[in-house]
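The structure appears below as structure tokens.
All residue numbers in this chain count up from 1 along the given sequence.
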Amino acid sequence: IISILMVIPALVAFLERDYFVGRTFLYCSCAGIFSYILIAIALSNVMKVQNNFEKLLSFILSYLILPVFMALPLFLSVAEVRLIDAWLEMVSSFTTTGLRIASLDTFSGSALQLWFGMVSWLGGIFFWICAISILLPLNISRFEIATNDLMDGSSTKSSESANSVLSNARHLIPIYTFITIALWLFLTLAGMSGFKALLMAMSVISTSGFDALNNEIPNVLIIEGIILIFFGFALSKSLFFRDINDIRKLKIFNDPEIRLALLVILAVTGLFYAKFIFVLLSENTDINLVVILRQLWGIFFTVTSYLVTMGIESKVWFDLPSFPLAEVSTVSVMGLAIIGGGVATTAGGVKLLRVYILYRNAAQEVDMMLHPNSIPSKKGNGSISDNKNNRLMAWIFFMLFITALAFFTLIFSILFDEIAPGLALSVSALTTTGPLFANAGFEILLTDINQIFKIMLGLAMILGRLEILVIVALLFPSFWVR
């Protein structure tokens with residue numbers, strides 16, 4: 001599939017009369033297709049069913065090996081780009097991190113920009129399909145995928161045969177493609193150019209952090225409003241799998257992820273906005289209603305963007321020269337990115353459902369401490385937040401995430417000789433929120449860093465995309481033969 005899709009940027013390059021880049025993509029496409037045919041012929045007589053260990057291992061190796069092939073057109077067509085830098089760029093795109101390794105001027109052609117967008121878009125649907133096809137049957141944090149949303153009351157074991165990669169791909173790819181095309185059309189009608197609207201649509205749906213917006217584009221507020229609506233798909237899987245009648249009847253707000261997301265967004269936006277108003281009043285600044293409303297929108301949009309690990313900022317977020325939240329917002333948006341979006345979506349982070357489960361567990365523990373003889377209450381639908389196994393898995397994941405964050409912060413702090421950029425880069429990689437590093441004010445060209453740190457950065461982005469429990473599952477012998 002990747003080899004076939006390379007034909008598209010090749011055609012774009014030929015239309016722009018950039019024949020060298022076009023030939024590079026075309027040759028890589030032909031080489032990939034030819035290699036696939038040879039491997040398919042060699043393995044045509046081999047009938048082997050993969051066990052769980054092999055499935056997980058293939059899933060992980062995909063993020064290590066596929067970016068190498070994806071990076072070949074960049075490495076061969078841009079003279080100043082080394083192979084490891086091209087690999088790191090593709091890892092950043094395929095994991096939907098969106099962390100720019102080289103300067104934007106290095107990849108100025110439309111074909112290369114389109115390839116970045118396509119790889120990010122493919123990375124989103126690839127993880128989505130594999131999470132449902134591979135992780136669900138293995139029962140890794142089974143609460144995350146919500147089996148009932150995908151299967152009409154049947155058990156996981158009875159439906160395991162039908163829950164293959166191909167069958168799920170047939171179900172999910174049309175949905176993913178339709179949403180992308182819809183957003184592309186809306187952005188084009190709102191005033192963006194067709195090409196930038198396409199890149200922005202692929203970036204938003206995959207939450208990869210590519211930002212094509214600027215103040216010169218007309219109707220920026222309308223465009224941001226459209227993008228904000230589509231951020232909702234990264235907050236909960238319910239918007240994909242629930243019946244349309246449930247959404248019309250507002251039953252979607254019974255989803256704990258949606259409710260927690262709204263609570264976090266409104267609370268953080270309210271705190272930032274209250275601070276902003278307080279500073280304006282304390283400095284006796286003339287209050288302009290338009291500026292106040294635009295700033296409220298900018299805060300609301302930016303907070304939502306970081307929560308879904310997209311990481312793009314509103315164009316009115318820092319319009320005021322004396323904006324008081326620059327230092328506070330850096331730490332706050334890191335916290336939002338760590339919380340992350342919904343499970344079984346393209347968003348990264350710890351995920352809203354795990355945070356909700358940890359909150360419910362903490363609330364019940366405090367209640368038991370205050371009233372030792374009481375019976376723990378069960379709110380909501382019960383099975384997700386009140387299951388002991390779900391609580392345990394959520395706590396294990398959270399502790400592993402914090403451990404990984406501390407480890408990579410230590411590694412990158414050695415690189416930068418200070419902890420602030422190391423922490424920002426670690427959070428950006430592990431939460432797949434690439435723009436956070438640059439938006440935090442660290443203008444460091446990552447192509448100049450040591451090769452070992454580049455490999456560590458690539459592994460951090462892969463670990464953040466795969467989620468740590470997938471790696472941990474490989475360590476348990478029960479998964480090897482099941």
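Summarising the geometry of Ala347 relative to Thr309, their closest heavy-atom pair is CA-OG1, 3.5 Å, with the distance given to 0.1 Å. Nearest heavy atom pair, residue Thr345 against residue Arg465, reads O-NH2, 4.1 Å. For the pair Ser314 and Glu224, the tightest heavy-atom approach, listed with the atom from each and the gap, is OG-OE1, 3.0 Å. Here the shortest heavy-atom pairing between Tyr356 and Leu260 reads N-CD2, 3.8 Å. Considering all non-hydrogen atoms of both residues, Ser208 and Met310 come closest at N-SD, 3.9 Å. Across Ala261 and Leu235, no two heavy atoms sit closer than the pair CB-CD2, 3.9 Å.
Side chains of Ile1 and Leu5 form a contact here, defined as non-hydrogen atoms less than 4.5 Å apart. Residues Met202 and Phe210 have side chains not in contact (no heavy-atom distance under 4.5 Å, counting atoms from C-beta outward). Contact annotation: the side chain of Leu88 approaches that of Met461 to within less than 4.5 Å [non-hydrogen atoms, C-beta and beyond]. Between Ile129 and Ile173, the closest side-chain pair of non-hydrogen atoms falls below 4.5 Å. Under the 4.5 Å side-chain criterion, counting only non-hydrogen atoms from C-beta, Phe407 is in contact with Met456. Looking at Leu430 and Ile338, their side chains never come closer than 4.5 Å, going by heavy atoms from C-beta outward. Side chains of Ile449 and Lys454 form a contact here, defined as non-hydrogen atoms less than 4.5 Å apart. Two residues are said to be in side-chain contact when any heavy atoms from C-beta on lie closer than 4.5 Å; Thr96 and Phe127 fail this criterion.
Atom CG of Leu392 sits about 11.0 Å away from atom CD1 of Ile357, to the nearest 0.5 Å. Separation of atoms CZ (Phe25) and CG (Leu74) is listed at 6.0 Å; rounding is to 0.5 Å. Here CD1 of Ile265 is found 7.0 Å from OG1 of Thr269. Values are rounded to the nearest 0.5 Å. Rounded to the nearest 0.5 angstrom, Thr433 OG1 and Leu307 CG are separated by 9.5 Å. With rounding to the nearest 0.5 Å, the separation of CG in Leu221 from NZ in Lys315 is 12.0 Å. Interatomic distance, CG of Leu183 versus OG1 of Thr188, reported as 9.0 Å (0.5 Å rounding).
Under the side chain to side chain contact (heavy atoms under 4.5 Å, CB included) criterion, Ser93 pairs with Met90, Arg100, Phe116, Val119, Ser120, not counting sequence neighbours. Remark: Leu83 engages Phe75 in a side chain to side chain contact (heavy atoms under 4.5 Å, CB included) (not counting sequence neighbours). Residues satisfying the salt bridge (charged side-chain N to carboxylate O under 4.0 Å, His left out) criterion with Arg82, sequence neighbours excluded, are Asp85. Phe230 is linked by a ring pair (Phe, Tyr, Trp, His ring centres under 6.0 Å) to Phe233, counting only residues two or more places apart in sequence or in another chain. Every residue two or more places apart in sequence or in another chain that forms a ring pair (Phe, Tyr, Trp, His ring centres under 6.0 Å) with Trp121 is listed here: Tyr176.
Relative ring orientation between Tyr63 and Phe126 is described as perpendicular, the plane-to-plane angle rising above 60° on a 0-90° scale split at 30° and 60°. Taking the six-membered ring where the residue is Trp, Phe412 and Phe408 present parallel rings, their angle staying beneath 30° rather than reaching 60°.
Side chain of Ser77 to backbone of Val21: no donor-acceptor contact under 3.5 angstrom is found. The backbone N or O of Gly311 lies less than 3.5 Å from a partner atom in the side chain of Asn439, making a donor-acceptor pair. Looking at Glu257, its side chain never comes within 3.5 Å of a backbone N or O of Gly341 through a donor-acceptor pair.
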### Task
Just do the side chain to side chain contact (heavy atoms under 4.5 Å, CB included) check on Val355 and Tyr359 with the steps written out, would you?
CA-CA 6 Å; Val355 174; Tyr359 159 74; 5.5 Å; no
### Message
Could you go through Thr346 and Ile205, starting from their C-alpha distance and side-chain angles, then the distance that decides it, and tell me whether this counts as side chain to side chain contact (heavy atoms under 4.5 Å, CB included)?
### Response
CA-CA 8 Å; Thr346 57; Ile205 299 304; 6.0 Å; no
### Task
Could you give me the CA-CA distance, side-chain angles and deciding distance for Leu400 and Ile396, then say whether side chain to side chain contact (heavy atoms under 4.5 Å, CB included) is met?
CA-CA 6 Å; Leu400 289 174; Ile396 290 175; 3.8 Å; yes
### Query
Lys351 and Phe401: side chain to side chain contact (heavy atoms under 4.5 Å, CB included), yes or no, with the steps?
CA-CA 11 Å; Lys351 302 298 179 64; Phe401 184 90; over 6 Å; no
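Aromatic rings of Phe301 and Phe231 (six-membered ring for Trp) have centroids within the 6.0 Å cut-off, being under it.
Heavy atoms from other residues, nucleotides or ligands lying under 6.0 Å from CZ of Phe195 number more than 12. Other residues, nucleotides and ligands contribute only 12 or fewer heavy atoms inside 6.0 Å of the CD1 atom of Ile419.
The ring pair (Phe, Tyr, Trp, His ring centres under 6.0 Å) pairs that include a residue from residues 420-454 are Phe437-Phe442, where partners are two or more places apart or lie in different chains.
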